[in-house]
Amino acid sequence: MSFFTIDKPPGVPHVVLKLLQLMGISVEQRVRYGRVILIFVVFLMAIAIPKMCFGYPDFESSVIGLAELFFQTNRFIGVLLIARNNETLTQLIRKAEGFTRAVLTEVPPVAQHLINQDKKINRVLKVYLIAILVPANFYSNAPIAMTLWSYYGATANESSIQFNLLMEENFYGLDIRSNLNHYLIFGAIMVPTAYLCSFVGTAKLVSLLTLIKYCTIYFQVVSLKIRDTARHRRYNTELSTIVRMHQDALEMATQLKTLTASILLMQLLLCVLVWSSMLLYFTVSGFGTQFINLLVLFLFDTTEMLGYCYLGNELSDAATQIGTVLYENGWEDENPVVQKKLQLLLFRSQNRVGIMAGKFAYMNMEQFGEIVKTTYSFFVVLRDVF
């Protein structure tokens with residue numbers, strides 16, 4: 001597939017760049033805001049306005065509809081924020097290209113690690129992007145297919161037909177819950193919208209997780225470089241390269257934190273709302289057909305949040321590991337000139353590195369536990385209200 005053809009050096013997230021380019025976000029040229037705005041207008045007209053303005057038939061439907069709104073808002077606003085921070089993304093990619101070109105000239109243990117990790121990431125992305133087509137097609141087409149099957153297979157004695165909606169909402173005065181013609185008009189609009197939702201959500205998720213993973217690999221490469229240099233006693237000739245590589249890795253981590261801060265803050269807040277909605281619905285209505293829709297949102301949202309926290313934790317550990325590697329390889333036994341430069345690396349490795357939700361909290365596994373606790377506390381408040 002040409003989409004997966006590698007046209008960047010190993011260590012540069014080329015699949016991410018192609019996904020973002022499809023939405024008009026490019027590091028090679030200015031952002032095509034017309035395409036980004038068009039995507040956002042579809043979200044507003046087909047999802048946000050109907051869900052906020054046209055009401056719901058009952059309380060349970062309102063919980064489902066608002067949970068879907070929170071979920072899709074997280075996706076579409078996230079892409080807008082990436083477009084808004086395109087300059088930071090461009091700086092990060094340019095720095096990554098320079099970093100990887102330098103690493104690929106290094107000795108095999110260092111360069112090979114970067115190449116192997118890049119191949120592994122690309123394999124995982126290829127499998128994931130192809131596999132995601134299955135739930136995307138099912139989610140987009142199954143409700144209409146089941147409705148038509150039920151409608152045309154109904155007997156004369158059946159008084160009512162269940163119209164399965166792609167999303168829980170009323171739609172600009174159409175009787176989409178009992179009139180087949182109105183339902184099909186709704187379906188003709190919402191099926192392409194559902195595919196767009198899948199694409200936007202996948203692009204956002206894959207882009208952020210992949211960028212975090214690559215930044216982790218950059219710190220791992222620095223650690224390998226230190227180990228290899230210490231083993232062959234080449235600090236006198238390689239120390240300047242190590243310092244520069246570490247500085248580059250730190251700068252890329254800072255750019256990544258800037259790029260993701262606002263996106264992850266929104267992710268955190270809306271994730272709490274989606275989780276609380278599921279708990280509230282289950283408390284009020286128990287298991288039912290609509291509960292399955294909410295459970296799917298919960299699973300997707302939980303997986304995404306867990307991915308950010310896990311990889312954020314991994315990034316922090318990889319940055320901290322550099323100081324550990326220096327101690328393990330006896331930096332204090334080197335001559336005073338080398339020690340002075342290694343002390344600079346040690347000092348820099350003590351600065352906390354990671355991704356943050358806004359400027360409030362680092363995203364790691366500990367924070368994931370705190371999010372779960374916060375969700376339950378918020379749910380208790382909602383339960384008392386409703």
Side-chain angles (χ1 to χ4, degrees), residues 1-8 12-44 46-48 68 70-90 92-93 96 121-140 191-215 255-256 259-267 270-271 296-297 299-301 303-308 311 355:
M1 294 183 184
S2 59
F3 183 83
F4 296 103
T5 301
I6 299 176
D7 52 9
K8 296 285 185 181
V12 178
H14 71 98
V15 173
V16 169
L17 299 181
K18 290 180 179 179
L19 280 173
L20 294 177
Q21 192 169 15
L22 290 175
M23 294 187 293
I25 304 171
S26 174
V27 299
E28 305 294 341
Q29 54 192 353
R30 294 181 62 186
V31 176
R32 296 179 180 177
Y33 280 105
R35 192 178 299 180
V36 177
I37 292 173
L38 178 61
I39 291 173
F40 191 68
V41 167
V42 172
F43 162 70
L44 286 177
I47 300 174
E68 290 175 344
F70 299 146
F71 183 75
Q72 300 299 347
T73 298
N74 181 27
R75 293 176 157 191
F76 283 86
I77 298 294
V79 169
L80 272 184
L81 291 174
I82 293 176
R84 176 177 172 271
N85 291 301
N86 187 62
E87 184 177 347
T88 302
L89 174 64
T90 301
L92 172 58
I93 297 302
I121 289 175
N122 288 327
R123 282 198 300 267
V124 171
L125 288 179
K126 185 175 183 179
V127 171
Y128 177 78
L129 292 175
I130 294 175
I132 201 67
L133 293 174
V134 176
N137 279 294
F138 179 81
Y139 180 79
S140 301
V191 167
T193 301
Y195 277 111
L196 179 63
C197 291
S198 299
F199 171 68
V200 170
T202 299
K204 170 183 172 277
L205 173 66
V206 167
S207 297
L208 296 187
L209 292 182
T210 303
L211 289 172
I212 297 168
K213 182 63 179 178
Y214 271 110
C215 279
Q255 290 162 348
L256 176 67
L259 174 66
T260 59
S262 55
I263 301 172
L264 293 179
L265 177 60
M266 181 183 62
Q267 172 79 30
L270 294 179
C271 183
V296 170
L297 299 185
L299 293 175
F300 272 101
D301 222 30
T303 302
E304 185 173 358
M305 178 59 75
L306 184 61
Y308 295 139
L311 291 182
I355 54 175

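- Here the closest heavy-atom approach between residue Ile263 and residue Gly78 is recorded as CD1-O, 3.9 Å.
- Annotation for Ser262 and Asn85: closest pair OG-ND2, 4.1 Å, computed over non-hydrogen atoms.
- Arg75 places no side-chain N or O within donor-acceptor distance of the main-chain N or O of Lys204, the cut-off being under 3.5 Å.
- Between Val15 and Tyr128, every side-chain heavy-atom pair lies at or beyond the 4.5 Å cut-off.
- Summarising the geometry, atom OG1 belonging to Thr73 is positioned 11.0 Å from atom CD belonging to Glu68; distances are rounded to the nearest 0.5 Å.
- Side-chain contact check for Ile77 versus Leu270: every heavy-atom pair is 4.5 Å or farther apart.
- Of all the heavy atoms in Val206 and Thr210, the pair that sits closest is O-OG1, 2.6 Å.
- Contacts of Thr90 classified as side-chain contact (heavy atoms from CB on, under 4.5 Å), with partners at least two apart in sequence or in another chain: Val27, Asn86, Arg94.
- Side chain of Asp301 to main chain of Leu297: no donor-acceptor pair is present (N/O by atom type, distance under 3.5 Å, no hydrogens or angles).
- To the nearest 0.5 Å, the span separating CG on Leu265 from CG on Leu81 amounts to 10.0 Å.
- The side-chain heavy atoms of Cys197 and Phe76, taken from C-beta on, include a pair separated by under 4.5 Å.
- Ser207 contributes atom OG, which lies 3.5 Å from atom CG of Leu20 (distance to the nearest 0.5 angstrom).
- By the 4.5 Å heavy-atom criterion applied to side chains, Gln267 and Leu208 are not counted as neighbours.
- The closest side-chain heavy-atom distance from Pro13 to Ile93 is below 4.5 Å.
- For Phe138, the CZ atom is loosely surrounded, since the number of other residues' heavy atoms within 6.0 Å does not exceed 12.
- Here the side chains of His14 and Asn122 are in contact, with some heavy-atom distance below 4.5 Å.
- Atom CG of Leu125 and atom OG1 of Thr202 lie 11.5 Å apart (nearest 0.5 Å).
- With sequence neighbours excluded, no residue forms a side chain to side chain donor-acceptor pair (under 3.5 Å) with Gln255.
- Annotation for Phe300 and Ile132: closest pair CE2-CD1, 4.5 Å, computed over non-hydrogen atoms.
- Looking at residues two or more places apart in sequence or on another chain, you find no side-chain contact (heavy atoms from CB on, under 4.5 Å) involving Val134.
- Taking CE of Met266 as the start and CG of Leu264 as the end, the distance is 9.0 Å to the nearest 0.5 Å.
- Shown here are the side-chain contact (heavy atoms from CB on, under 4.5 Å) partners of Arg35, two or more places apart in sequence or in another chain: Arg32.
- Closest approach of Val12 and Tyr214 over heavy atoms only: O-OH, 4.0 Å.
- Remark: of the listed residues Leu80, Val79, Leu38, Val79 is the sole one forming a side-chain contact (heavy atoms from CB on, under 4.5 Å) with Met23.
- Two residues are said to be in side-chain contact when any heavy atoms from C-beta on lie closer than 4.5 Å; Leu22 and Phe199 meet this criterion.
- Under the ring-ring contact (aromatic ring centres under 6.0 Å, His included) criterion, Phe40 pairs with Phe43, not counting sequence neighbours.
- For Tyr195, the side-chain contact (heavy atoms from CB on, under 4.5 Å) partners at least two apart in sequence or on another chain are Asn137, Ser140, Asn141, Val191.
- The nearest pair of heavy atoms linking Leu92 to Leu211 is CD2-CD2, 4.2 Å.
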